[in-house]
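Notes follow once the structure below has been shown.
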Amino acid sequence: MAIQTDPGLVPYQILDAGGNLVGKMPGISAERMLSLYRSMQVGRVFSNKIIALQRQGRATTFGSLVGQEATAVGLAAPMQPQDWLATSYREIASLIVKGVPIPTLAYSFRGFTPENWPAETHCLPVQIVIGTQMLHAVGLAMAAKIAGDPAVAVGVCGDGATSEGDFNEALNFAGVFQAPVVLVVQNNGWAISVPRSKQSAASTFAARGEGFGVPARLVDGNDILAVYDTMSKAIENARAGNGPTLVETLTYRIGAHTTADDPTRYRDAAEVEAWRARDPIARFQKFLIARDLLAEQRVQQLIEEVEEEINEAVRIAESMPPMAPDSFFDYVAATLSPRQQAQRADLLRYINQVIQ
Amino acid sequence: MAIQTDPGLVPYQILDAGGNLVGKMPGISAERMLSLYRSMQVGRVFSNKIIALQRQGRATTFGSLVGQEATAVGLAAPMQPQDWLATSYREIASLIVKGVPIPTLAYSFRGFTPENWPAETHCLPVQIVIGTQMLHAVGLAMAAKIAGDPAVAVGVCGDGATSEGDFNEALNFAGVFQAPVVLVVQNNGWAISVPRSKQSAASTFAARGEGFGVPARLVDGNDILAVYDTMSKAIENARAGNGPTLVETLTYRIGAHTTADDPTRYRDAAEVEAWRARDPIARFQKFLIARDLLAEQRVQQLIEEVEEEINEAVRIAESMPPMAPDSFFDYVAATLSPRQQAQRADLLRYINQVIQ
Amino acid sequence: MQMTMIEALNSALALELERDRRVVVFGEDIGANGGVFRVTEHLQNKFGEERVFDTPLAESGIIGTSIGMAIYGLRPIVEIQFAGFLFVCMNQLVSQAARIRFRSAGAYTCPLVVRAPYGGGVRTPELHSDSLEAVFLQTPGFKIVVPSNPYDAKGLLASAVEDPDPVLFLENIKLYRSFRAETPTEHYSIPLGKANVVQEGTDVSIFAYGAMVNVALEAAKQAQQETGTSVEVIDLRTVWPLDEDAIAASVEKTGRAIIVHEAPRAGGIGAEITAVINERCFYSLLKPIGRVTGYDTPYPVPGQEDYYLPTPAKVMTALREIMEL
Amino acid sequence: MQMTMIEALNSALALELERDRRVVVFGEDIGANGGVFRVTEHLQNKFGEERVFDTPLAESGIIGTSIGMAIYGLRPIVEIQFAGFLFVCMNQLVSQAARIRFRSAGAYTCPLVVRAPYGGGVRTPELHSDSLEAVFLQTPGFKIVVPSNPYDAKGLLASAVEDPDPVLFLENIKLYRSFRAETPTEHYSIPLGKANVVQEGTDVSIFAYGAMVNVALEAAKQAQQETGTSVEVIDLRTVWPLDEDAIAASVEKTGRAIIVHEAPRAGGIGAEITAVINERCFYSLLKPIGRVTGYDTPYPVPGQEDYYLPTPAKVMTALREIMEL
Ligand SMILES: Cc1ncc(C[n+]2csc(CCOP(=O)(O)OP(=O)(O)O)c2C)c(N)n1
Ligand SMILES: Cc1ncc(C[n+]2csc(CCOP(=O)(O)OP(=O)(O)O)c2C)c(N)n1
Ligand SMILES: [Mg+2]
Ligand SMILES: [Mg+2]
């Protein structure tokens with residue numbers, strides 16, 4: 001794999017790039033596999049849809065997750081409802097798997113804060129400040145341990161995020177407090193325009209674990225079964241009281257960083273093409289078809305169903321009323337100070353008199 | 001030298017606790033060794049002197065360096081004049097070795113900023129914000145590399161500092177930019193009251209290096225020859241263009257954290273006693289005496305000479321005029337804004353009318 | 001009982017740990033050592049290492065994990081060893097803790113108390129004496145509390161812990177042990193956001209908080225004795241939100257105002273109070289408002305700090321000017 | 001030549017790299033990518049990877065290493081990708097860069113320029129639009145520059161690079177490409193700390209900076225047309241140090257003042273200017289000073305930001321009140 005600077009290191013694989021079984025099958029039912037497959041399609045279609053909407057001025061900045069569906073789905077699928085998930089902006093598919101309704105997410109990409117965020121999914125809103133959420137994940141896990149609850153937290157960030165102080169503090173707290181947390185580095189090769197090779201001189205990010213006393217796993221992040229298996233074990237290991245795991249998933253950002261980015265400025269088309277050949281959805285699809293778990297002719301139909309689901313979600317999101325112009329005052333604190341109340345009144349007067 | 005991750009492995013030693021040669025002698029002259037020995041005594045006497053002054057209300061808060069003289073001296077001694085040193089408050093002996101006059105340092109512990117800090121020693125003023133200076137060291141090294149100068153930077157911090165984000169960012173930048181820097185962790189077992197074991201779940205701090213692609217060395221920090229040898233090699237390795245090294249020196253804080261601390265609240269006297277048996281000065285002294293490089297009867301005399309030197313330095317420092325009450329305005333910026341000038345005039349009026 | 005501020009805070013923490021199983025207390029050196037100022041003394045012994053524990057030396061780590069815990073449903077009370085180090089965890093404080101409710105439209109909240117010692121006059125090393133309260137005026141989401149005496153400290157800390165949102169609780173180091181005051185041993189609370197008129201007066205209002213309340217009172221006494229000026233001294237207690245009604249009421253009565261704080265002048269609490277008075281009491285104001293504050297420089301070394309800090313004499317100078325004496 | 005602000009800044013950077021071998025430019029995505037806004041476009045090609053380079057994703061790392069470089073004798077110009085992330089490196093900025101000279105009594109200095117885009121109205125993700133300039137009023141040692149147009153941007157950046165002390169250079173995102181202005185291709189500089197009277201007037205002074213200068217000008221035009229009010233518009237250019245003489249001179253002339261900024265109101269530049277006017281022009285001031293600013297809440301999501309930001313209409317409301325129209 002091109003990203004590896006140490007050719008001796010081989011990430012954990014169950015399916016090779018051709019979809020052939022090269023490892024031990026995890027205990028997973030056919031339905032479950034089909035559901036993972038569908039979730040990957042949902043992630044890709046959602047991503048493409050929001051990008052299309054953005055081009056039409058109907059959505060805000062969005063970061064493509066195409067190429068990373070195996071990691072996004074595989075990291076969330078083994079989580080139980082009581083488990084907590086703290087992600088960056090890249091893992092929208094993880095949030096969907098964990099139960100956040102698609103219209104809620106689509107609404108957020110209209111540029112609004114969903115006022116009905118499903119707290120019970122235990123998904124934190126996406127984090128914009130790189131690396132920051134990893135400490136929140138560790139704190140959630142420490143809390144679960146203190147409370148004696150059988151809950152685990154999963155924190156996810158990118159390869160770039162590993163350079164932030166907070167990422168390393170999170171690893172350290174996880175190790176010191178033996179927190180029931182799994183810290184996932186989605187190594188997609190790039191941090192906007194900065195390649196993995198300029199992000200760290202170490203051969204892998206998994207190697208970071210040892211220096212913090214945290215066991216680490218290096219996984220083929222385009223292999224849904226490998227990610228699922230690794231995450232299942234790490235999560236249940238944490239739940240069993242055996243402490244944290246660092247997981248590096250090797251994957252690739254096929255698209256632009258976000259809708260505001262132009263990757264032709266800084267990377268070779270050939271590299272992208274090479275990674276397309278390792279497409280996580282195609283790989284799993286081949287496997288499922290070869291095993292007769294999915295009919296080849298069903299694929300197109302399934303994609304269309306998914307598209308319809310996403311289109312419907314977007315329709316719902318677009319039919320939801322915009323946030324009230326002044327509602328941002330509602331969420332500064334449980335109660336507003338008199339001064340904030342006066343400012344809110346001022347704003348409402350302005351809206352009534354000037355805008356309307 | 002392998003990175004120590006197995007607690008069964010011993011750190012690099014040249015002299016054992018009894019002062020016996022157990023490793024290969026580094027290329028170092030007798031005079032040089034005696035000078036190192038003397039510097040260690042200077043460090044200890046200075047430390048004890050300031051603590052005594054503090055008890056009399058004649059000095060500000062001070063952190064004892066007793067027990068850590070081998071590391072403090074051994075890390076600075078191999079540095080060349082053009083090399084840069086960025087330390088915490090614990091490495092006063094390193095600054096002395098690097099050329100900062102003792103009266104200047106004593107003056108600073110009267111609670112003043114020495115207005116004649118010897119910039120040419122390339123020693124940054126001590127850093128209070130834990131871990132922060134490690135990035136400055138890396139930046140100095142990067143600058144030397146950019147400028148094409150044969151200068152190396154050394155950054156020093158404690159075991160506690162390894163938990164700060166900045167420490168880890170420094171390691172990462174050092175690795176990525178192959179900066180000519182040596183990053184030293186003085187592991188003295190404690191961060192105020194927090195023991196090493198609660199600071200990190202890893203077996204050593206040296207193990208941190210690999211996850212950042214930075215070679216690391218674990219050294220007996222109470223063995224001046226081992227520290228000197230390791231630092232010489234790491235510094236010259238950096239100067240030769242071979243990049244950074246992380247050095248962990250295993251030592252022990254015999255005294256209180258600072259004059260404001262009471263270690264009996266949190267640690268066993270027995271632990272302190274056990275470490276006294278590994279005293280770095282006694283160890284080196286035994287070696288020098290056994291080799292006939294130092295006469296036993298000379299020791300007391302030498303200590304007295306050092307004490308006189310320190311006393312004289314303190315006398316000089318105490319005879320230096322206090323900073324002008326308003327001189328802190330001088331160093332905010334190269335030029336003061338009209339407003340700051342007016343504030344300064346206000347202060348001077350206050351001093352003239354009210355205080356005098 | 002007569003308590004120092006340290007004892008009052010310790011008592012408040014013990015009571016909160018007792019009253020509410022969700023309360024956890026952590027930070028650097030707060031366990032066996034009882035905190036570098038002993039505010040958390042005995043708490044680990046009493047409540048166990050699971051609820052009162054030391055962390056690695058990492059402020060961002062402390063605040064970041066406390067946010068996760070608060071979201072989970074605990075009530076963390078964390079210590080940053082000195083307020084000067086709040087800058088190390090600034091992102092976690094202001095872009096994270098202060099925005100959890102905002103970002104999630106209330107789905108998650110962050111009931112968190114961040115305690116930090118601050119304040120000058122006690123010969124500390126660099127960055128141990130800095131006053132940072134006004135930095136947080138520009139980063140909405142935190143309440144900022146600065147008690148001036150043991151009684152207030154205990155009652156305000158109780159309210160901070162009960163507050164559903166994050167609170168920055170700044171404890172003046174000089175006040176920690178400088179005097180005792182009658183303080184109930186049982187639980188009580190003092191509402192956040194309400195100033196306290198510690199001395200009524202008619203000629204000029206002095207607004208202060210933390211250690212500066214005593215400086216203001218001292219100046220007020222002098223002013224009364226030396227010039228017969230009747231000074232109203234108002235302890236803000238909470239610097240955000242400001243008790244603007246109390247500020248306006250006092251200035252409408254006196255027509256003159258002085259603000260005293262240790263932090264640098266520019267953009268300090270004094271600037272905001274001046275703006276509030278300008279907005280609310282413009283026509284009652286007889287004289288320019290005086291700001292007696294730290295200078296627009298970093299906090300100086302111990303050998304110079306006495307010149308930097310506001311003193312009763314500096315307040316008197318401002319007062320003479322404002323009273324045309 | 002007609003340049004956008006992006007082009008003007010790029011031109012300034014290229015000239016500085018050319019003029020002074022000590023200048024280095026680094027940050028996230030500033031190399032091959034030319035910066036997320038293209039301010040550093042082509043610089044790596046022209047000046048080589050040794051002087052123009054990408055860093056790992058670590059703001060504290062960027063500022064911390066730039067401090068070492070500045071002490072060494074280089075002149076680093078670093079980019080923090082969005083001002084909202086300045087909080088991530090706050091300790092390195094305010095407790096380190098801003099204090100190198102202070103801590104060493106001048107033995108070492110830190111000539112460093114920190115560039116960061118800021119400002120609202122362009123539908124960015126969270127923390128990409130926040131205005132942080134006033135936070136730095138309380139942390140002495142940084143100069144803070146906020147240009148309002150391409151010409152100023154280029155000339156002020158040149159001065160920032162030549163300044164012997166650290167400068168925070170805030171670039172309004174909305175202004176980056178919104179218009180072109182005549183800008184010399186060669187090197188020139190505009191002094192830091194001097195405000196610019198962009199429009200003279202006699203009835204009321206409006207103080208603004210960055211994108212708010214155009215908002216002020218728009219309101220001034222409307223005020224002239226609709227009410228015959230003569231508005232003086234002052235572009236502060238540098239918000240620290242404030243050009244107090246220019247502020248005082250204007251208010252002494254007009255007797256009325258409005259301050260416009262995007263940042264929250266509390267503790268903002270507006271509070272400090274109000275305090276300055278209170279101190280220097282108390283007896284010239286006819287009306288309470290108006291603050292037209294962001295609200296005391298975090299910066300809202302794209303769908304709400306237009307309500308949050310100051311607009312000409314909001315300025316007009318303040319102006320009508322102050323002019324009793
Ligand atoms: C603290 C911080 N610095 C910079 C940015 C701007 N930024 C947004 S995404 C990004 C790259 C992130 O790379 P990586 O962690 O690899 O995640 P990926 O986007 O590849 O999923 C940067 C620099 C930010 N959001 N937060
Ligand atoms: C950022 C920061 N946090 C906390 C402190 C308070 N403090 C001063 S020294 C210290 C312990 C440092 O431990 P270590 O790094 O092991 O160095 P040592 O004192 O043992 O040399 C602490 C917590 C500080 N100065 N800076
Ligand atoms: Mg990435
Ligand atoms: Mg230590």
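Here the structure is a predicted model, which means the values were calculated and not measured. Proteins get letters first, then strands, A, B, ... in listed order; numbering begins at 1 in each.
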Original post:
Is it the case that A/Arg217 places NZ or CZ above or below the six-membered ring of A/Tyr12, under 6.0 angstrom from the centre and within 45 degrees of the axis?
Top reply: no
message: When you measure from the centre of the six-membered ring of B/Phe212, is the NZ or CZ of A/Arg208 closer than 6.0 Å and no more than 45° off the axis?
response: yes
Interface check, chain B: of A/Gly165, A/Ala170, A/Ala216, most non-hydrogen pairs under 4.5 Å belong to A/Gly165
Among A/Ser200, A/Gly175, A/Ala174, A/Gly209, the residue with the most heavy-atom pairs under 4.5 Å to chain B is A/Ser200
Under 4.5 Å to a heavy atom of chain B? For A/Glu164 that would be both
Quiz item: Can you list the steps and then say if B/Asp220 with B/Arg278 is a salt bridge (charged side-chain N to carboxylate O under 4.0 Å, His left out)?
Solution: CA-CA 10 Å; B/Asp220 183 334; B/Arg278 297 172 212 158; over 6 Å; no
Check this for me: does any side-chain nitrogen of one of A/Arg253 and A/Asp261 sit under 4.0 Å from a carboxylate oxygen of the other? yes
